[in-house]
Amino acid sequence: MTTAQPQELDVQPTPLALLLLGREADPKSERGVECPGDLPSPSDPDLVERARRAKEKLGDKVFVLGHHYQRDEVIQFADVTGDSFKLARDAAARPEAEYIVFCGVHFMAESADILTSDDQKVVLPDLAAGCSMADMATAEQVAECWDVLTEAGMAEQVVPVSYMNSSADIKAFTGKHGGTICTSSNAKRALDWAFEQGEKVLFLPDQHLGRNTAVRDMGMSLDDCVVYNPHRPNGGLTAEELRSAKMILWRGHCSVHGRFNLDSVNDVRERIPGVNVLVHPECRHEVVAAADYVGSTEYIIKTLEAAPAGSKWAIGTELNLVRRLANRFAPEGKEVVFLDRTVCFCSTMNRIDLPHLVWALESLAEGTLVNRIEVDKETEAFAKLALERMLALP
């Protein structure tokens with residue numbers, strides 16, 4: 001009787017598998033890379049004072065940007081708060097600031113680097129702060145998609161429109177192929193412009209924002225939209241399906257907003273009679289269709305500011321912002337709750353905590369540049385072209 005010897009399988013782990021296992025680093029990935037340096041302990045009782053002292057020492061040399069979805073412990077040190085594009089523009093409006101510390105995620109810091117001067121240095125306190133949605137469209141995948149459209153004889157009819165929540169590479173692709181960038185607040189204007197340039201739109205990388213804008217705001221039907229899946233041959237679509245579509249939606253989504261579903265809406269209406277449901281357009285189409293109000297982060301804030309005392313609101317967006325709004329408007333008698341029963345932070349946005357911010361600020365105060373985000377010149381030029389087309393929208 002003999003015992004079979006185990007065979008060694010010639011299987012090589014993929015770069016993505018190694019990255020997720022923490023054994024490789026990819027500085028261009030929204031999933032993040034290793035963070036160098038010794039971080040202060042989260043239990044250090046002097047963290048707030050250390051951040052204050054370092055920021056004070058830097059003075060006008062540093063400008064701290066805080067995205068709405070950041071933790072309260074971080075947002076307290078922001079010179080300005082806002083969405084990704086507003087913050088990038090705010091950075092460009094402060095040319096005297098040598099260092100732009102962006103408390104957000106990787107693609108936001110890239111956008112700030114694109115829009116600021118060469119003399120300004122953009123710093124991301126934790127390089128592992130990324131965006132899963134932005135990672136759902138790589139430059140290689142989008143180039144392959146364009147090849148599919150070319151082979152189908154329709155690339156000349158297609159205008160790419162990319163959401164601000166995309167990598168610099170995707171913004172550059174958009175600029176190179178005659179397209180524009182959009183935000184959640186100007187997506188309809190961007191699509192109106194795109195359809196004046198061509199017959200079809202390739203919308204990257206968030207399928208939900210593209211679908212909701214086309215159907216809800218522009219009167220298209222769901223049949224006018226097809227979803228291109230980069231993980232399937234030809235995107236999982238036939239040439240005829242591509243030719244009959246007006247909107248070619250990339251198969252991407254926001255991990256936070258994609259969690260909300262119709263049950264979330266129905267449940268909150270049962271629990272809180274008279275509640276107003278207010279959601280972000282990155283939510284699924286059925287959630288947007290069932291909501292009372294739909295709009296960007298800035299729209300959500302302004303709607304609550306204008307709401308009457310005693311009104312009740314269920315908000316479908318990131319939890320840090322919802323809790324901050326609930327605390328802000330409670331004294332005015334406005335009830336603000338999270339749309340879903342399940343707590344849902346943006347996990348990558350939350351990677352920037354007080355220890356990382358302190359480490360970044362203290363390093364800069366000591367003359368050491370850390371975690372710089374720098375976009376190469378060719379990518380920057382085409383990405384900036386796409387952003388400038390957005391800025392020129394009527």
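- Among residues two or more places apart in sequence or in another chain, the salt bridge (Lys or Arg N to Asp or Glu O under 4.0 Å) test is passed with D118 by K377.
- In this structure, N371 contributes its side chain and P125 its backbone to a donor-acceptor pair below 3.5 Å.
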Could you pull out every donor-acceptor pair under 3.5 Å between side chains of residues 270-277 and any protein atom, sequence neighbours left out?
| from | atom 1 | to | atom 2 | distance (Å) |
| --- | --- | --- | --- | --- |
| R271 | NE | D267 | OD2 | 2.7 |
| R271 | NH2 | D267 | OD2 | 3.4 |
| N276 | ND2 | K312 | O | 3.1 |

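- Although no hydrogens or angles enter the test, the distance criterion places a donor-acceptor pair under 3.5 Å between the side chain of N327 and the main chain of R323.
- The main-chain N or O of Y299 is found under 3.5 Å from a side-chain atom of T303 such that the two form a donor-acceptor pair.
- Comment: K55 engages D79 in a salt bridge, judged by a side-chain N to carboxylate O separation of less than 4.0 angstrom.
- Side chain of R324 to backbone of H68: a donor-acceptor contact under 3.5 angstrom is found.
- Shortest non-hydrogen contact noted between A51 and F77 is CB-CZ, 3.5 Å.
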>> As a quick check of understanding, evaluate salt bridge (Lys or Arg N to Asp or Glu O under 4.0 Å) for K302 and E305, giving each step before the final call.
In response: CA-CA 5 Å; K302 290 177 180 177; E305 287 175 342; over 6 Å; no

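- With hydrogens and angles ignored, the 3.5 Å screen pairs a side-chain donor or acceptor of E318 with a backbone N or O of N320.
- A salt bridge links D126 with R351; the closest basic N to acidic carboxylate O contact falls under 4.0 Å.
- In this structure a side-chain-to-backbone donor-acceptor pair under 3.5 Å is present from K334 to L304.
- Applying the salt bridge (Lys or Arg N to Asp or Glu O under 4.0 Å) rule to D263 yields no partners; only residues at least two apart in sequence or on another chain are considered.
- Judged by distance alone, with hydrogens and angles left aside, the side-chain atoms of K200 form a donor-acceptor pair with the main-chain N or O of A245 at under 3.5 Å.
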